[in-house]
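Contents: one structure, followed by commentary.
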Amino acid sequence: MLSMIITLWCASIVALKKTLSEEDKKAELITQQGAIESYSPRALTELREWIENHPNDPYREIAVQRYNECVETLKEIDEPFYDWNDSQISDLEKL
């Protein structure tokens with residue numbers, strides 16, 4: 001029982017440290033650049049697919065705005081937070 005409690009605490013501490021370091025990096029990028037992108041490459045791809053597959057959805061316009069904001073931000077900032085490469089960013093177009 002004690003070993004399970006120790007294991008749980010250790011896993012929690014590792015997860016907390018990782019989360020806090022990511023949040024520190026985000027804050028640093030926002031301070032330096034004034035903005036960071038809101039979506040990872042996978043999430044932005046999924047958002048675009050959703051937009052294309054739901055042309056009559058009442059939330060489509062909001063999704064398009066969010067997509068376009070992320071594309072604009074990626075083209076304006078020097079260092080993205082998520083794992084974007086230059087070719088992925090240059091291939092992006094607003095909807």
Side-chain angles (χ1 to χ4, degrees):
M1 180 70 130
L2 183 60
S3 65
M4 291 300 289
I5 292 171
I6 292 171
T7 302
L8 180 61
W9 274 97
C10 290
S12 299
I13 289 170
V14 169
L16 181 62
K17 286 181 81 174
K18 184 178 186 313
T19 301
L20 290 176
S21 68
E22 288 177 351
E23 293 303 315
D24 284 344
K25 183 178 179 187
K26 285 180 186 179
E28 183 180 323
L29 287 173
I30 290 171
T31 301
Q32 291 173 353
Q33 305 175 145
I36 61 170
E37 76 278 17
S38 46
Y39 297 101
S40 67
R42 180 178 173 187
L44 195 64
T45 299
E46 289 175 1
L47 180 60
R48 183 181 184 107
E49 289 171 359
W50 185 91
I51 291 167
E52 291 170 351
N53 293 329
H54 297 86
N56 298 321
D57 193 284
Y59 293 107
R60 184 182 186 279
E61 288 305 312
I62 295 169
V64 170
Q65 286 176 336
R66 296 296 190 302
Y67 180 90
N68 289 338
E69 287 170 1
C70 187
V71 170
E72 287 175 18
T73 301
L74 280 164
K75 294 191 182 269
E76 293 172 358
I77 60 176
D78 295 326
E79 182 183 350
F81 175 74
Y82 295 102
D83 295 329
W84 289 94
N85 63 45
D86 292 337
S87 66
Q88 287 175 311
I89 295 171
S90 63
D91 289 344
L92 290 173
E93 294 183 11
K94 291 170 64 174
L95 298 176

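The local environment of OH in Y82 is crowded, with over 12 non-hydrogen atoms from other residues, nucleotides or ligands closer than 6.0 Å. Residue E93 places its CD atom among 12 or fewer non-hydrogen atoms of other residues, nucleotides or ligands, all under 6.0 Å distant. Residue-environment remark: CG (D91) exceeds the threshold of 12 foreign heavy atoms within 6.0 Å. For CG of D83, the number of neighbouring non-hydrogen atoms (other residues, nucleotides, ligands) closer than 6.0 Å is 12 at most.
If you take CG on L2 and CD1 on I5, they are separated by 6.0 Å, rounding to the nearest 0.5 Å. With rounding to the nearest 0.5 angstrom, the NZ atom of K94 is 9.5 Å from the CD atom of E69.
When each of K18, K26, K25 is paired with E22, the side-chain hydrogen bond (donor to acceptor under 3.5 Å, both in side chains) condition holds for K18 and for no other.
Side-chain contact between P80 and L74: present, with at least one pair of heavy atoms (C-beta onward) separated by less than 4.5 Å. No side-chain heavy atom of E46 sits less than 4.5 Å from a side-chain heavy atom of Y39. Annotation: side chain of R48 is not in contact with side chain of L44 (no heavy-atom distance under 4.5 Å). Counting only heavy atoms from C-beta outward, the side chains of I51 and R60 approach each other to under 4.5 Å. Put simply, the side chain of L92 reaches to within 4.5 Å of the side chain of Y67, judged on heavy atoms.
Not a single donor-acceptor pair under 3.5 Å links the side chain of E79 to the backbone N or O of L29.
Scanning all heavy atoms of the two residues, the minimum distance from Q88 to P41 falls at NE2-CB, 4.0 Å.
In this view, E28 and Q32 satisfy the side chain to side chain contact (heavy atoms under 4.5 Å, CB included) rule, not counting sequence neighbours.
Residues L95 and I62 fall within the same hydrophobic cluster, defined by Ile, Leu, Val, Met, Phe, Trp and Tyr side chains chained together at heavy-atom separations under 4.5 Å. F81 and I77 fall into different hydrophobic clusters, where Ile, Leu, Val, Met, Phe, Trp and Tyr side chains are chained together by heavy-atom contacts under 4.5 Å.
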